[in-house]
Amino acid sequence: MENQEFAQIFWQIADFLELKNDNPFKVRAYRRAAQVIESLSHNLADVYQTGGIKALEDIPGIGEHIAQKIEEKIKTGRVKAFNQLAKEFPREFLDLINIPGVGPKTAILLYKKLKIDTINKLEKAAKSGALNDLPGMGVKKTENILRGITLKKKSHGRFLLDDATAHAELIIEELKKLKEVKKILPCGSLRRGQETIGDIDILIVSDQPETVMDHFAKLAAVQHVLAKGTTKSSVVLKNGMQADLRVVEDKSFGSAAHYFTGSKDHNIAIRVMAQKRGLKVSEYGVFRGKTQLAGKTEEEFYKKFGLQYIPPELRENRGELEAAKHHTIPELVELSDIKGDLHMHTTASDGFNSIAEMAAAAKKLGYEYIAITDHSQSTRVAHGLKSQELLKHIKEIKAVAKKLTGIKILAGSEVDILPNGDIDYSDELLAQLDIVLISIHANFKMPRREMTQRIVKALANPHSNLLTHPTGRLIGEREPYEVDMEEVLQAAKKYHKLIEVNAHPKRLDLTDVYCKRAKELGVKIVISTDAHATDQLNLMRYGVTTARRGWLEARDVANTLPLAKLQKLL
DNA sequence: GCCGTTTTCGGCCCGACTGTTTTCAGTCG
C-alpha cells in the first residue's frame, strides 16, 4: 500500500471535518499527518509491519488515533471513520472547496440552501443569478466563483517548474525596470524548487508600494486582477497561472522573504519556536512586544533563533529545523558542481541534434564530459538502435570524440529493461560501451512485486551502471509505475549501481524524498537531462534543484566527479 | 487530534484583502 493512499484519506477527513465545522485544530492535525506521510521516505505499511502501532506513533504528527486508523486501513483495507464521513456528503462535493473563492462555509451554505453538490450545478446556479440572494453573497461574489470555476477547469491547478520559472522571470524582468523597485525576489514553491508550482510569488522592497502595485496590475501578461492593496496584490495571468506580489520595507525584507517562501509548515514550526521564547514572527520581522529584533535578512532571521541558515529547498518541515539547530545543514550540491551530463539522445534515435552538436553545446556549458546514450532496439517508437547500428554508432561517437578538444565523450546507451528483467543487448555488445543506462519504456502496468523484481534483476546485471527515471512518471500525464523504491535502492546499494535524478521538468525522478533515502543508504546519484536537443541540456538546473530538495551534497552526486574518478566508479 | 526542558490538560501562527456589512466573516497565503 502506497503512502499516498493513507495521506489521501487524511486530507479528505480534514476536508470533511472542516465542512462540518469541527475543531479547526483537529482539522489541522489531520492535514499535518497527511503532509508528514507524503514526505516519508519509508513505506508506511512497512513501518507498521516491522514496528507495529508504536512505530507509527513515533512519527511526528501521528498520534494514537491516526495510528489506529493507519492500522485499520492496513488490516481491513478501509477506515470506518472516513467512510462514515464520506456517506454524509455526495461524492464530488469536496471538489467545491477547491474552487478559488469557495471555502467550507460557502460550500455548506450552497448545499443547504440550494442543494448544490457538484461544480456543474454550482456553475449553472451562479449563471442563473440564484446565488446573489443568499446571505452574505452578492453579485461580485458570484462573479468570483464563476472565475474560480473557469480557472480551475483551465489550469487543473498546478504548473511544471520550468513553465512557472519562465513566467516568473518575465514578470521580474518587467518589474525590475521600475526605479521604485529596490529589491525583487521570487518566493513560494518556485524558490523552494517544488516539482509543480501552484502560483508565482514575488517579493519586492520599495517605499512606493502603490506605484509598484499599479504597474504589476497592468503588466501585459495579466488577464485579471483578483485583489489589489498597498502591500499585497494577486492577479491571474493569461496562461491561467496566479501571481501574487508582496511589497515591504527594506527592514522587513528577510522576514518577508522567509514568510513568503514558506513552506507553510516550515513557517508554522518557526512561529511555534518563537512563541516559546516570548517572541512573535510575522512577515514584518521578529518582535518582542513592539520592538523589532530581526528581519532585514534571512540569515539574521534564522540566527535570532540560534539556527543555521536553511536553504529554501529544505524548508518543508522535514527535519531541517532540527538540523539547523545542530548546525548540520548539508552543503547542498550546486549547478556549478556538475562536471558532465550522462544522459542524452541524438539523431541516431529520437534526438534532434548530432553527436557533434550535442558535444559542442555541452562544451559551451563548461562540462568536462558527456555520455551519448541513444535508445536500444526494443524502443521502436524512439527508433532504438539494433545491435549492428549500435556498433556503428559507437564508432561514430569515438570518431567525433577524437576530433573534439576540451570535452570527453563516453559511448553509452539507454538500454531497455525488458519485462523479464533482462536488458536489451547482448553481453558482448554491452561490454563495448563506456556507460550503460537502464530504464523502462514499456510494460508499465505490472504488479508492484513483478516490477520491483524486474528492475532489481537489471541492477544485478554486471553491465548496467545507472538506472534512469526510476519511477517512469510524467508529471500531469502519467502516474509512476508501481514499484518498491526501498527495495530498488537497497539493490542499487548491494550492486554498487547509480540512480538518476532525471532533470526533465516532467520527470524529476528519483524524487526528492527518495534522494534523501538514497543518501542515507550511501547510494550515489547522477543528475542528468535526458536531452533530446541541444537547448534541453539547460534543464540541468531543475535536476539539481530536486537533488537539493533531497538534501544531496556534491559528494553524493557522481557526475560532480572529474572523469577519471567517475570512470573508476562506473 | 497532537503535543510537552513551563504543561498529560490546555493550548494550538499571523496577517492582508474583499464583499457585504455598519463591525466583520470568509478566504487565502
Side-chain angles (χ1 to χ4, degrees), chain A residues 10 13-14 16-19 21-36 56-70 81 96-110 131-145 147-148 187-190 192 197-203 209 213 217 225-235 242-248 252 255-256 258-287 295 317 325:
Chain A
F10 296 131
I13 288 180
F16 283 133
L17 293 177
E18 195 169 43
L19 284 167
N21 211 10
D22 207 320
N23 179 353
F25 300 107
K26 196 200 266 193
V27 173
R28 187 190 298 167
Y30 275 107
R31 294 210 168 118
R32 175 159 151 71
Q35 194 261 340
V36 164
L56 293 177
E57 284 183 39
D58 283 344
I59 300 169
I62 296 179
E64 192 186 346
H65 292 91
I66 290 185
Q68 281 169 3
K69 290 184 175 71
I70 294 169
L96 293 186
I97 53 178
N98 287 318
I99 296 170
V102 181
K105 296 285 192 299
T106 310
I108 285 293
L109 179 75
L110 294 170
L131 304 187
N132 298 346
D133 307 329
L134 293 175
M137 303 275 296
V139 178
K140 288 213 162 182
K141 274 209 165 175
T142 302
E143 278 174 15
N144 274 341
I145 287 174
R147 241 186 324 259
C187 294
S189 51
L190 195 63
R192 301 200 311 281
I197 305 299
D199 53 24
I200 293 172
D201 301 310
I202 294 170
L203 174 65
M213 290 303 183
V225 179
L226 292 170
K228 185 162 166 280
T230 53
T231 70
K232 184 178 165 179
S233 293
S234 294
V235 300
Q242 186 175 324
D244 299 337
L245 180 65
R246 203 65 205 256
V247 181
V248 297
S252 298
S255 286
H258 179 265
Y259 152 78
F260 213 20
T261 298
S263 67
K264 190 174 181 177
D265 292 291
H266 174 93
N267 287 355
I268 290 175
I270 284 269
R271 283 171 174 177
V272 169
M273 205 180 266
Q275 257 188 345
K276 284 181 184 158
R277 300 174 182 218
L279 304 175
K280 189 186 68 170
V281 168
S282 74
E283 54 265 53
Y284 299 112
V286 181
F287 295 89
N317 200 24
K325 203 158 98 189

With sequence neighbours left out, the residues meeting side-chain contact (heavy atoms from CB on, under 4.5 Å) with A:Asp244 are A:Asp199, A:Asp201, A:Ser234, A:Gln242, A:Phe260

B:dC12 and B:dT8, which share atom name C1', separated by this distance in whole Å: 16 Å

Go through the structure and list residues passing salt bridge (charged side-chain N to carboxylate O under 4.0 Å, His left out) with A:Arg192, not counting sequence neighbours. A:Glu316

Can you list the residues that meet the side-chain contact (heavy atoms from CB on, under 4.5 Å) rule with A:Val36, with sequence neighbours excluded? A:Arg32, A:Ile59

Using a cut-off of under 3.5 Å, enumerate the N/O to N/O pairs linking the protein to nucleotides 21-26 of chain B.
none

Identify each atom pair where a protein N or O and an N or O of nucleotides 8-11 of chain B are less than 3.5 Å apart, giving names and distance.
none

Any residue meeting salt bridge (charged side-chain N to carboxylate O under 4.0 Å, His left out) with A:Lys26, in chain and number order, not counting sequence neighbours: A:Asp22

Categorize A:Lys140 for me: base, sugar-phosphate, or nothing, with a 4.0 angstrom heavy-atom threshold over every strand shown. sugar-phosphate

Residue set satisfying ring pair (Phe, Tyr, Trp, His ring centres under 6.0 Å) with A:Tyr284, at least two apart, ordered chain then number -> none

For A:Glu57, enumerate each residue passing the salt bridge (charged side-chain N to carboxylate O under 4.0 Å, His left out) test, keeping only those at least two apart in sequence or located in another chain. none

Contact class for A:Ile99 (heavy atom, under 4.0 Å): base, sugar-phosphate, or nothing? sugar-phosphate

Shortest side-chain distance from A:Tyr284, nucleotide among B:dG15, B:dC17, B:dG19: B:dG15

Restricting to side-chain contact (heavy atoms from CB on, under 4.5 Å), what partner residues turn up for A:Ile268, sequence neighbours left out? A:Lys264, A:Val272

Identify, with sequence neighbours excluded, every residue that meets side-chain contact (heavy atoms from CB on, under 4.5 Å) alongside A:Ala29. none

A:Lys228: partners by salt bridge (charged side-chain N to carboxylate O under 4.0 Å, His left out), with sequence neighbours left out: A:Asp214

I want to verify a distance call: between B:dG15, B:dC2, B:dG29, whose nearest atom is closest to the A:Phe260 side chain? B:dG29

Mind listing the residues from residues 24-32 of chain A sitting with a heavy atom below 4.0 Å of DNA chain B? Number order is fine. A:Phe25, A:Lys26, A:Arg28, A:Ala29, A:Tyr30

Choosing from B:dC13, B:dG19, B:dC28, which nucleotide comes nearest the side chain of A:Lys264? B:dC13

